[in-house]
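Just so it is clear, the values below take in all heavy atoms, side chains as well, and ignore hydrogens, waters and symmetry mates. Each chain gets a letter, A, B and so on, in the order its sequence line appears, and its residues count up from 1.
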There are 2 protein chains.
Amino acid sequence: VRVTVLSGGVGGARFLLGLRELGHEITVIANTGDDITMLGLRICPDLDTVMYTLGGGISADRGWGREDETFRIRDELGEYAATLDESSGSDAVRSWFGTGDLDLATHLLRSTWLADAVPLSEVTRRLCQRWQPGVRLVPATDTPVETWVTLADGRRVHFQEWWVRLHASVAATSFDLAGGRTAVPAPGVIEAIRDADVVLLPPSNPVVSIGVILEVPGIAAALEATAAPVVGVSPILGGAPVRGMADACLAAIGVETSALAVAGHYGRRGAGGLIDGWLVDTVDAADLPALHDLGLHARALPLLMTDLDATAAIASAALDLAAEVRS
Amino acid sequence: VRVTVLSGGVGGARFLLGLRELGHEITVIANTGDDITMLGLRICPDLDTVMYTLGGGISADRGWGREDETFRIRDELGEYAATLDESSGSDAVRSWFGTGDLDLATHLLRSTWLADAVPLSEVTRRLCQRWQPGVRLVPATDTPVETWVTLADGRRVHFQEWWVRLHASVAATSFDLAGGRTAVPAPGVIEAIRDADVVLLPPSNPVVSIGVILEVPGIAAALEATAAPVVGVSPILGGAPVRGMADACLAAIGVETSALAVAGHYGRRGAGGLIDGWLVDTVDAADLPALHDLGLHARALPLLMTDLDATAAIASAALDLAAEVRS
């Protein structure tokens, strides 16, 4: 079975660990809106989280970055920052983005290749030669795009600044994908959706992860047009995100933080929407009738990805629901 | 006393440690021909060696790079390089240039500022806010220049590739400074030579360190024109360089590896040359009459910079010789 997954970072990567257990041919289309250039290095958090997670290199504690990581360069930059006079500007030494040393090697290599005009999709292929993630990992687009956030206080900041530096503590009023309007799907992205047997939306952030992928021109249309069923896994359980701060993102776009509301936000295919089926947690089983009313195939099961078996069971249920849609 | 020193890396930096002990106002004009861009990072080996040495951060063992250094990123890049297929190209992962982790922080910061159009001299000033070298450290030029080497086998390689990767094992036939013809002395360089009380050439490589500084248009002329005496310290003792591979450089330009020949190569000021005085090691005391015949003030004393006292004694002798020239 050819399975195509639109994925953000941590949540998507964990889901993929379970899906991979089922032995299908998997293509992952990863969000690149979180990407940021710091100290001249192009950092692609979601691509790297998927790559490290599936390649066995992820930090088990943090869920992002590398296991056995050190932060000597970050600390060293801090030493410099502490001594700089005002005229030197300290923007270049942004300690709030604490890239580890091993992680930096990935960014250095990627940035070198990008500077040589190697597209991000090819860069990702090269990096994956080492990590052997067991899936085909493709960025949503090779066009540099970045999610920017407009805050309630009027500031406009890069998504990472809002997410990592401000911990989403200042309310967001909107998101926009800088570079998005002229972005082109990376080679193979449209085909992977078109030719898939199943398309899955894992429990990634519906706004700044999957929502951003869908903003790349052509991808949402491909999702609407594919013959494959499209099934999503709710990232919201009992009115709260399992991890991350999806509630802050949903609030910004006026969507309630509930499994039902997110399904309604994606909408039913054939009725202007993008999904055919929706998995919710057992805690949200009461939403099933309303989901059916929306015309969606829906099922309730435990959605906490507590271990590999539990995660594989969720992935398996998603494929089962896709089969139900197809039949 | 205002002392201006034209310096390369290790030898010059050690000499400066001794000179600094004497309590004068020191300006160091550093060679930038060794500079190289790797993995998108601008690396300035001589500037950093002087900065780290005078700032107390140099590796005592290696004489370059940082004390307590680790090489996690270099090793990590090696992990990537080992897995790349042929189409990925491995030029980006040049393991022969083993930059340490702490050192990388300096390169990252410098490269970020350079990308922001901050001149190298201002970048150096900023970095020195941390290292407090006790001298004014200035690159010979803010113009990007690089020494390239033509080899006996016809290849043309960056100086660092010849020096670090090939260990100067393939004979060089010539050196040229890429970007040199249009290079402009960094702000303050010409003034530091013009307004100095003494100009010193420390025991740096006469070809690829001091020779390269002198190739920056205007610097040799400033040396010829300054009212200050110009005194050099021989980097050659008993027919061999104290360290480094200056013999391989001298051979390429047809100069014998001897204290006398290097003095002749610099030449006497007022006769088309650049120096007034020349210090040789006691092992080369027999050269003194020939040096006097060249019209140079000369003196023989132990030139091995074995410790700080010995090095300060050499610096002191250089200043004494300058006083003799002046009187």
Side-chain angles (χ1 to χ4, degrees), chain A residues 37-42 51-52 55 57 66 68-95 99-118 122-132, chain B residues 37-42 51-52 55 57 66 68-95 99-118 122-132:
Chain A
T37 299
M38 302 200 81
L39 294 162
L41 302 178
R42 190 64 175 168
M51 184 173 77
Y52 293 157
R66 297 284 306 279
D68 299 318
E69 186 58 292
T70 49
F71 293 86
R72 302 198 80 202
I73 289 182
R74 180 199 62 188
D75 295 347
E76 187 69 10
L77 291 169
E79 295 285 330
Y80 275 111
T83 62
L84 292 177
D85 61 21
E86 276 182 31
S87 74
S88 302
S90 55
D91 273 5
V93 198
R94 292 190 247 184
S95 57
T99 303
D101 299 327
L102 298 179
D103 206 14
L104 260 174
T106 303
H107 308 326
L108 272 169
L109 203 45
R110 173 167 41 226
S111 304
T112 301
W113 280 326
L114 289 175
D116 275 351
V118 178
E122 167 64 11
V123 167
T124 304
R125 188 192 71 79
R126 293 181 182 182
L127 296 174
C128 284
Q129 288 176 18
R130 172 174 176 203
W131 292 104
Q132 298 289 327
Chain B
T37 299
M38 303 198 83
L39 294 163
L41 302 176
R42 191 66 176 167
M51 184 173 77
Y52 293 157
R66 298 284 304 280
D68 299 318
E69 185 59 290
T70 48
F71 293 86
R72 300 197 82 201
I73 289 182
R74 181 199 62 188
D75 295 347
E76 188 68 9
L77 290 170
E79 295 285 331
Y80 275 111
T83 62
L84 293 177
D85 61 21
E86 276 183 27
S87 74
S88 303
S90 55
D91 274 6
V93 198
R94 292 189 248 185
S95 59
T99 303
D101 300 327
L102 298 178
D103 205 13
L104 260 174
T106 303
H107 307 326
L108 271 170
L109 203 46
R110 172 167 43 224
S111 304
T112 301
W113 281 326
L114 289 174
D116 274 352
V118 179
E122 168 62 12
V123 168
T124 304
R125 186 192 71 80
R126 292 181 182 182
L127 295 173
C128 283
Q129 287 175 19
R130 171 173 176 204
W131 291 103
Q132 299 288 326

Self-check item: Portion of B/R110 that has a non-hydrogen atom of chain A nearer than 4.5 angstrom
Solution: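 Neither; nothing under 4.5 Å.
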
Quiz item: Quick one: which of A/D101, A/D68, A/T70 gives a side-chain hydrogen bond (donor to acceptor under 3.5 Å, both in side chains) with B/R72?
Solution: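 Going through A/D101, A/D68, A/T70 one by one, the side-chain hydrogen bond (donor to acceptor under 3.5 Å, both in side chains) with B/R72 is satisfied by A/T70 alone.
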
Quiz prompt | Residue pair B/L109 / A/L77, side-chain heavy-atom distance below 4.5 Å | solution =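 Yes, at least one pair of side-chain atoms sits under 4.5 Å.
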
Self-check item: Pairwise side-chain contact, B/L108 with A/L104, heavy-atom cut-off 4.5 Å (strictly under)
Solution: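 Result yes, sub-4.5 Å side-chain heavy-atom pair found.
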
Quiz item: Do the charged groups of B/R125 and A/D85 touch, with an N to O distance under 4.0 Å?
Solution: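 Salt bridge: yes.
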
Exercise. Specify which of A/E122, A/Q132, A/E76 makes the most heavy-atom pairs with chain B at under 4.5 Å.
Key: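 Highest number of pairs under 4.5 Å: A/E76.
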
Quiz item: A/L41 versus chain B, heavy atoms under 4.5 Å apart: side chain, backbone, both or neither?
Solution: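 Looking at A/L41, just its side chain touches chain B.
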
Self-check item: Separation between OG1 of A/T106 and OH of B/Y80, rounded to the nearest 0.5 Å
Solution: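 One finds 2.5 Å between OG1 of A/T106 and OH of B/Y80.
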
Quiz item: Of the non-hydrogen atoms in B/T83 and A/Q129, which two are nearest, and what is the gap between them?
Solution: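 Where B/T83 meets A/Q129 most closely, the heavy atoms are O-OE1, 3.1 Å.
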
Self-check item: Heavy-atom closest pair, residues A/T112 and B/G40
Solution: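 Nearest pair, atom of A/T112 first, then B/G40: OG1-N, 4.1 Å.
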
Self-check item: Residues forming a side chain to side chain donor-acceptor pair (under 3.5 Å) with A/E79, sequence neighbours excluded
Solution: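 So A/E79 forms no side chain to side chain donor-acceptor pair (under 3.5 Å) with any residue.
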
